[in-house]
Amino acid sequence: MNIRRRKMNIGFIFLYFCIFFSVAALLLILFYLFYKSASVLNWNFLVDMPRNGMTAGGIFPAIVGTLYLTIGAIVFSLPLGILGAVYISEYAREGLLLKIIRIGINNLNGVPSIVFGLFGFAVFVRYFHFGISILSGSLTLGILILPMIIATTEEALKAVPLEQRLASYSLGAGKWETIIKVVLPEAFSGILTGVILSIGRAAGETAPLLYTAATFYQYYMPNSIFSEVQALPFHIYALITEGLTPSKQIPIAYGTAAVLVTLVLLINITAIYIRIKLRRKKWARRY
Amino acid sequence: MSIITQMQKILFWKKRNGLLILLILLFSAACSHNAGKNRKVQGSTALILQGSTTLLPVIQRAAEVYAPTHKRYKISVRGGGSGNGIAALLDGIANIAMASRPISPAEITISRRAGLKIKETVIAKDGIVVIVNNRNPISDISLSDLRKIYQGVFKNWSEFGRYKVKIIVVSRDSASGTFEVFKRIVMGKANIVASSLEQVSNNMVRKIVSQTPGAIGYIGLGYLNKAVKPVKVGGIKASAVNVNNGKYRISRPLFLYTTEALDTGAVKDFIGYCLSDSGQKIVKEKGYIPIR
Amino acid sequence: MKREKKIELFLAIFALAAVIIVALIIFIILKEGIKTFYQVNFFKFLFGKIWRPTGSPPLLGILPLLLGSVYVTGLALLLAVPIAVGSALFISEIASRKQRDILKPVIELLAGIPSVIYGFLGLVFIAPLFQKIFGLASGLNIFTTSFILAIMALPTIASVSEDAINAVPHTIKYASYSLGADKWETMTKVTLPAARIGIIVSIALGFGRVIGETMTVLMVLGGAAVIPHSIFSSAQTMTGAIASEMGEASYGSLHYHSLFAVASVLMVITLLFNIFAEIISSKLRQRRK
């Protein structure tokens, strides 16, 4: 009896340790980032231009750049992803075509981000001569998040109850009409969750941007899709590797990291919140 | 019509339409092959500088001073190493390449194949200073000992004195002009030991040497600061004076490369600025040797 | 009816676009990579022990990169799996409803932290820390990198494992209790084995995530393209080599093609693991039905 009891206690301690470690990791990262960047973090940091060779001032261009790139990625992949997912979940029949499509999407999911960057570099930057630009970066990021959007949209669509569709048909609506007027609105929050998560992913990626869009010392605000941009994740990397005055730039790097992490966490928390509300709504409707 | 013929008809139309759309997409893709070609780089208001991290402090500061008085020009500067910069120039991604080594014959071949004529401008001189961690007592080293350290022949600083610490060799990656010059002058035909830590910039080399007691590395003169300790080579200190009078052997000119086609407008103006008095003043400010 | 067909066709093209993109990526990476083998022997490439693409002559053996990737990933998984599965067990079996509602999002948030931030913290905080603690010459090595990668892989492994553990039918657990087993014994001897396939899938997914990681490796591994001889060696991975050498290889040069060849190898490995995970989880889904 005693040995079994002891084993269980030790086992439980181990499990508590595991979960403690996971939670502590997150909290420590956040705490440390904000602690180390306290000296630079203020409202001006977000809206000022960088000064003095990136050793002072703010990170406004990097924030704007991340915004442009993310919007560009969504513009490219949202229609493609949602319409594709509609086909897969509503129209496609079991068969070879569907299998090929599924394999294609799953494999796209597994490709490492640097390979996307290499592809983007070879195709958008060099072959199409878009150069290092918002366009190249957005397209590359768009391809990166495409499988995520397709997968979450498909899930959201499948979650719409069959009864609603049948009810719509029985009222005389066609398939496409049903999709537009009944299914999509119903699946909206699920799709939204997926889109928001993809935005979070796109905002935090660096490897695809290394050679397709991002730059560090930029003395003008980007004004066309063929401009280079700064970007928050790349800014952190560049401050460490291309920055020339570590004593001033490491705090800025911490600050940039704090801003980026806040941005991404806010995006993810929003998505989680929507998902929780969606679940409550569903349960409420059942009764 | 029977079901089968109906289905065959549908399939036929699907295939045909699908094929048509695919062809249209491919056709437009092929047409846009050169869509962006003349877009950025040849516009005479775009200044895209890329390359040597050795030159980065100088060019970055020059661009910063230059930009407010030339608001029409769109200027951006990136590091990545001399090899990066020249490759970007040859591919039409950048219009000025910063290099801390001369353009190589292989790169000239590529430029000829692309129909480009390279224009070279020397804007500064530089010495490559050997650095060690501040705790390391060594202050002078012969060129042949330096080579042997980088070959991996010596493994511990105890072979030079009482500092009993393992030698950590820090070097640059192959994109670096600094690496190329160091290899040519110090190593000759010998190879750098495979276990060396290859870094992407002068900055990273300095950082690692400053926080690793047994490290040895090399950086451009402009990167020398109190975080690391310079080491004399063959009794000669790496300094502007010694580079100028030729006594310090590990030295090289610093270049800006562009093509004759691009050498107009903003590009020409900016290169001219680097050669001007205020440009050369920036060179000196950043710790390098002006050429005038 | 006709209109419906047109719409269906229209949508099908969008779905096919994803397939076309994947095919295109695979095609281009392989095409540019294969050009390497006009000048380099395939087996010398795959098993060659020296990676020195700018040497004269250029030596293109990816064994150091392959081993670097494998060691770093292997060690990361070794560190991550116990903690991830432990966390998953905790969330499924021990946590209360309220605790679960907080813990699950927390783990998801950990997954959302961008990799460059992990790399950054690794370089400026963890590497110097480990250097001091373990008395190392440099903190930029396999151990430090694996430690950080383990934290990155944790959420992936934990959430998929948690799904697998949840899917274990209650009846099996109650049967175990009724035979006199306590909670821990049930968890380790009944629940975990029942969930083992799902857990294996989670490990495969974690593997794919880690081996494809670039930024952390770029900043913390040290960039030494040699066959590593201890967990405290610096090393280089396939992803790191591609990222750091991509910019300087001129279009069409041997170096350029060799980087695509490295990317091809990387892609093949991740695709294989992906397919493996997919096959197993679809078998799992079938079994549940």
Side-chain angles (χ1 to χ4, degrees), chain A residues 4 7-8 11-12 14-16 18-19 21-23 25-26 29 32 80 83-84 86-88 91 100-101 104-108 110-115 118-119 121-123 126 143 146-147 150 174-176 200 204-207 210-211 233 236-237 240 250 253 257 260-261 264-265 268 272, chain C residues 4 7-8 11-12 14-19 21-23 25 28-29 32 83 86-87 89-91 94 103 105-110 112-117 120-121 123-125 151 154 158 182-185 188 208 212 214-215 219 239 242-243 246-247 251 260 263 266-267 270-271 274 278:
Chain A
R4 288 175 64 204
K7 269 201 201 155
M8 179 157 113
F12 268 51
F14 172 69
L15 292 186
Y16 270 90
C18 290
I19 197 73
F21 183 86
S22 308
V23 176
L26 181 67
I29 292 176
Y32 194 72
L80 203 61
L83 292 178
V86 166
Y87 176 78
I88 296 173
Y91 285 93
I100 293 180
I101 293 179
I105 295 175
N106 279 328
N107 287 339
L108 200 60
V111 175
S113 54
I114 188 69
V115 174
L118 203 61
F119 174 76
F121 184 50
V123 171
R126 280 182 158 155
I143 298 179
L146 191 63
I150 294 182
K175 189 159 193 177
W176 181 241
E205 282 287 337
T206 326
L210 280 179
Y211 294 98
I236 301 173
Y237 177 67
I240 299 294
I250 291 193
L260 179 62
V261 114
V264 170
L265 284 189
N268 281 345
I272 294 177
Chain C
E4 282 290 335
I7 291 178
E8 183 173 343
L11 291 179
F14 282 94
L16 281 171
V19 184
I21 292 177
V22 173
I25 294 180
I28 289 189
I29 305 271
E32 297 290 338
I83 302 195
S87 303
L89 265 180
F90 184 93
I91 293 181
I94 302 183
L103 290 175
V106 161
I107 302 234
E108 264 188 66
L109 291 180
L110 200 62
I113 295 187
S115 54
V116 67
I117 293 188
F120 169 63
L121 283 177
L123 180 62
V124 296
F125 176 48
I151 301 181
L154 202 72
D182 61 35
K183 189 139 196 193
W184 174 251
E185 286 166 343
T188 52
T214 311
M215 295 318 291
M219 294 162 108
T239 52
I242 298 174
M246 193 152 80
Y251 193 56
F260 275 86
L266 181 62
M267 211 173 52
T270 37
L271 288 184
N274 236 44
E278 181 59 31

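Order of the sequence lines sets the chain letters (A, B, ...), proteins ahead of strands, with each chain counted from 1.
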To the nearest 0.5 angstrom, please state how far the CD1 atom of A:I236 sits from the CE atom of C:M219.
7.5 Å
Shortest non-hydrogen contact from C:T270 toward A:G110:
CB-O, 3.7 Å
Can you tell which part of A:I100 gets under 4.5 Å to a heavy atom of chain C, answering side chain, backbone, both or neither?
both
Between CZ of C:F260 and CZ of A:F119, what distance do you get to the nearest 0.5 Å?
9.5 Å
Is the closest side-chain heavy-atom distance between A:V86 and C:F14 below 4.5 Å?
no
Value for CD (C:E185) from CZ (A:R4), rounded to nearest 0.5 Å, stands at 4.0 Å
What part of A:F21 lies closer than 4.5 angstrom to a heavy atom of chain C: side chain, backbone, both or neither?
side chain
May I ask you to name which of A:I101, A:I150, A:L146 has the most heavy-atom pairs under 4.5 Å with chain C?
A:I101
For each of C:L266, C:I91, C:I21, C:V116, tally heavy-atom pairs with chain A at distances under 4.5 Å, and name the one with the top tally.
C:V116
Under 4.5 Å from a heavy atom of chain A, the part of C:I107 involved
side chain
How about C:L16 and A:Y87: do any of their side-chain heavy atoms sit closer than 4.5 Å?
no
Between C:G208, C:G112, C:A263, the one whose heavy-atom pairs under 4.5 Å with chain A are most numerous:
C:G112
Can you tell which part of A:F12 gets under 4.5 Å to a heavy atom of chain C, answering side chain, backbone, both or neither?
both
Please assess A:W176 against C:L11 for the test side-chain contact (heavy atoms from CB on, under 4.5 Å), listing each intermediate value before the final yes or no.
CA-CA 11 Å; A:W176 181 241; C:L11 291 179; 3.6 Å; yes
Return the CD1 to CG distance between C:I113 and A:L265, rounded to the nearest 0.5 Å.
6.0 Å
Closest approach of C:M246 and A:Y211, non-hydrogen atoms and distance?
CE-CD1, 2.9 Å
Please classify the contact of A:I240 with chain C as side chain, backbone, both or neither, using a heavy-atom distance under 4.5 Å.
side chain
Structural part of A:L118 lying under 4.5 Å from a heavy atom of chain C
both
Region of C:L154 that comes under 4.5 Å of a non-hydrogen atom in chain A:
side chain
Select one option (side chain, backbone, both, neither) describing which atoms of C:N274 are under 4.5 Å from chain A's heavy atoms.
side chain
Euclidean distance, A:L210 CG relative to C:T214 OG1, rounded to 0.5 Å:
8.0 Å
Chain C contact via A:V23 - side chain, backbone, both or neither, heavy atoms under 4.5 Å:
both
Bottom line for C:E32: the part with an atom under 4.5 Å from chain A's heavy atoms is neither
Residue selection (most heavy-atom pairs with chain A, distance under 4.5 Å) from C:A12, C:A23, C:A17
C:A12
Under the side-chain contact (heavy atoms from CB on, under 4.5 Å) rule, what do A:N107 and C:I25 come out as? Steps first, then yes or no, please.
CA-CA 11 Å; A:N107 287 339; C:I25 294 180; over 6 Å; no
Check whether C:L110 gets within reach of chain A through its side chain, its backbone, both or neither, counting any heavy atom under 4.5 Å.
both
Looking only at heavy atoms and a cut-off of under 4.5 Å, which of A:G174, A:G84, A:C18, A:P112 has the most pairs with chain C?
A:C18
Can you measure from CZ (C:F120) to CD1 (A:I29) and round to the nearest 0.5 angstrom?
12.5 Å
Heavy-atom distance under 4.5 Å to chain C: side chain of A:F121, backbone, both or neither?
side chain
Region of A:I114 that comes under 4.5 Å of a non-hydrogen atom in chain C:
both
Counting heavy-atom pairs under 4.5 angstrom with chain C, the leader among A:G204, A:P233, A:S22 is A:S22
